[in-house]
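Notes follow once the structure below has been shown.
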Amino acid sequence: MTAPKESVAGRRGRVVRASDLAQMVVCEQAWLFGKTLGERRTEKQQMAIRRGQELHQDYFHEGLMLMAEFRSSWLLRLLRVLLSWLPLAWPAWRRSDSALRMFDRPDRERRGGYE
Amino acid sequence: MNDWLIHWVAAVAMVLAGLAIFRKGLVGSWRPGTAWLPPELVGARLLYVEHLFRSVVSESWELSARVDRAYQSISGQLILIELKTRSLDQTFLSDVVELSAQRYAIETSVGERVSERAFVLVKSNRYPDGRFHKVSLMSHASVKALVSRRDHLLAEVADPALSRKPGMCRRCSFRHICPNAHR
C-alpha cells in the first residue's frame, strides 16, 4: 500500500500574490483595512478603474480589429485587387464557354453531354 | 533614337524604380524598427507572456506572480517587463515590488537567471503608445522580508505604517475610519 500523497496546498499553506505585496507597500494601513473589512473604493477610484478597463478594451480593439500587419500584407492587397475586378470579371466569366459548361451541367447531363 | 528604344528604356527604368521602391519598403506598411526599444531589449526573444509562476518562500507561504512579459536577452538573462496603464508617466515603488516578486518567483521555481534591471512600460495620457522606464529590482532577502512583514501585519504583531504621501490619504476610502490619516 502506498503512502497517501501529501497535499500541496496543505504543505505549502497560503499563497501570497505579488500584486498583494505591491498594494501593501503603498499604504500598509489601508491594505490592512482592506484585508479585515473588505476592499472599498471611492467613487473616483471606481471611475479610474473603469477608465483603465476602457483603455485596455481600446488597446485590444486596435490590435485585433485594425490588424496593421494583415492590412498591409501583399495577400490582402491581391485580394483587394481581385475583388475590384470582380464586377467586370464575374459577368465576363459567366458569359465564357467554361462558365457555360459549368452552369448548364444539369442540362448537359440530361441531354447526354455535348455533341 | 528609335521610338522602340525609348519605350524599352522607359520600361526598364520603371521596373528598376519599382524594384527600388519595393526594397525600400515605401509601398509596404511603415514599420518602426527597434529604435524605440531600450538597448537591453534589442535582439531579445519573447519567452513568457502572462505566465504564472509559483515558488515556496517559507514553510507556510507560497509566492505567486504573474509575469506580463519576460524577454530573454542575447546574454541569456531574462528581462522582465510590467505593463501599466495610468494617467501619469511615472513608476512607483509598488511596480518595483511587483517586479521583484516576479523575479524571485522565476528564479526559485524555474531556475532561470533574471536581470536585476527591469522595465515598466507605462501607457499614459502623454505617451499613449507607452514609454519604457528602467527600474532596479530588490534582492531576494528584501522580498522575503516583505512576505514576513505581511505575515506580522495580518497577525497584528506589527503596527501598520501609513503612506508617505498625504495625497494618498485624501483619496483613500478608509480615511474616515483611519486613526492616523493625514489631516
Side-chain angles (χ1 to χ4, degrees), chain A residues 6-60 62-63 66-78, chain B residues 27-31 53-54 56-67 83-87 92-105 123 128 130 143 146-147 149-151 153-154 156 158-165 168-169 171-175 177-181:
Chain A
E6 193 180 6
S7 162
V8 174
R11 179 168 57 82
R12 288 179 181 169
R14 293 155 293 180
V15 176
V16 185
R17 285 182 294 138
S19 54
D20 199 34
L21 287 182
Q23 278 175 18
M24 193 183 85
V25 297
V26 176
C27 177
E28 287 181 351
Q29 182 69 77
W31 173 81
L32 200 57
F33 277 138
K35 286 280 165 195
T36 51
L37 304 173
E39 288 190 15
R40 288 180 197 173
R41 291 191 179 98
T42 58
E43 190 65 29
K44 202 173 176 183
Q45 286 170 330
Q46 286 172 10
M47 291 283 286
I49 289 167
R50 219 170 292 147
R51 188 166 174 277
Q53 286 169 349
E54 283 169 7
L55 281 173
H56 271 290
Q57 279 176 5
D58 290 350
Y59 176 76
F60 284 118
E62 279 170 25
L66 294 181
M67 293 189 292
E69 288 289 317
F70 178 64
R71 280 168 69 97
S72 62
S73 68
W74 283 103
L75 179 68
L76 191 71
R77 248 179 250 173
L78 185 67
Chain B
V27 172
S29 65
W30 178 79
R31 287 183 177 82
F53 292 93
R54 284 192 166 192
V56 179
V57 182
S58 63
E59 282 296 314
S60 55
W61 290 107
E62 189 182 345
L63 182 69
S64 82
R66 187 174 289 275
V67 174
L83 311 176
K84 293 287 177 195
T85 305
R86 51 175 65 130
S87 53
F92 299 102
L93 179 62
S94 55
D95 301 331
V96 176
V97 168
E98 199 166 354
L99 282 163
S100 305
Q102 291 174 8
R103 176 171 169 247
Y104 182 94
K123 201 178 166 189
V143 175
L146 270 176
V147 173
R149 169 79 180 163
R150 181 185 183 278
D151 210 3
L153 286 172
L154 287 174
E156 296 181 1
D159 290 329
L162 283 177
S163 170
R164 291 188 204 93
K165 296 176 181 173
M168 292 293 300
C169 272
R171 291 194 298 270
C172 183
S173 56
F174 298 107
R175 191 184 173 203
I177 54 169
C178 184
N180 306 313

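This is a predicted model, so every value here is computed, not measured. Letters A, B, ... are given to chains in the order of the sequence lines, protein chains preceding strands, and every chain is numbered from 1.
A distance of 6.5 Å separates CZ in B:Arg150 from CG in A:Leu21, rounded to the nearest 0.5 Å. In this structure, CD in A:Glu54 is found 8.0 Å from CZ in A:Arg51, a value given to the nearest 0.5 Å.
Applying the ring-ring contact (aromatic ring centres under 6.0 Å, His included) criterion to B:Phe92, with sequence neighbours excluded, gives no partner residue. With sequence neighbours excluded, no residue forms a salt bridge (Lys or Arg N to Asp or Glu O under 4.0 Å) with B:Lys123. Partners of B:Asp95 under the salt bridge (Lys or Arg N to Asp or Glu O under 4.0 Å) rule, at least two apart in sequence or in another chain, are B:Arg86.
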Does A:Gln23 form a side-chain contact (heavy atoms from CB on, under 4.5 Å) with A:Asp20? I'd like the steps, not just the answer.
CA-CA 5 Å; A:Gln23 278 175 18; A:Asp20 199 34; 4.2 Å; yes
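Interface check for chain A: of the options B:Ser94, B:Ala101, B:Cys172, the most heavy-atom pairs under 4.5 Å are formed by B:Ser94. Ranking B:Arg149, B:Glu156, B:Arg66 against chain A, the residue ahead of the rest is B:Arg149, based on heavy-atom pairs under 4.5 Å. The most heavy-atom pairs under 4.5 Å with chain A, out of B:Arg171, B:Met168, B:Gln102, come from B:Arg171.
Interface with chain B: from residues 24-33 of chain A, residues A:Met24, A:Val25, A:Val26, A:Cys27, A:Glu28, A:Gln29, A:Ala30, A:Trp31, A:Leu32, A:Phe33 qualify, criterion being any non-hydrogen pair under 4.5 Å.
Residue A:Arg17 qualifies as open at atom CZ: its count of foreign heavy atoms under 6.0 Å is 12 or below.
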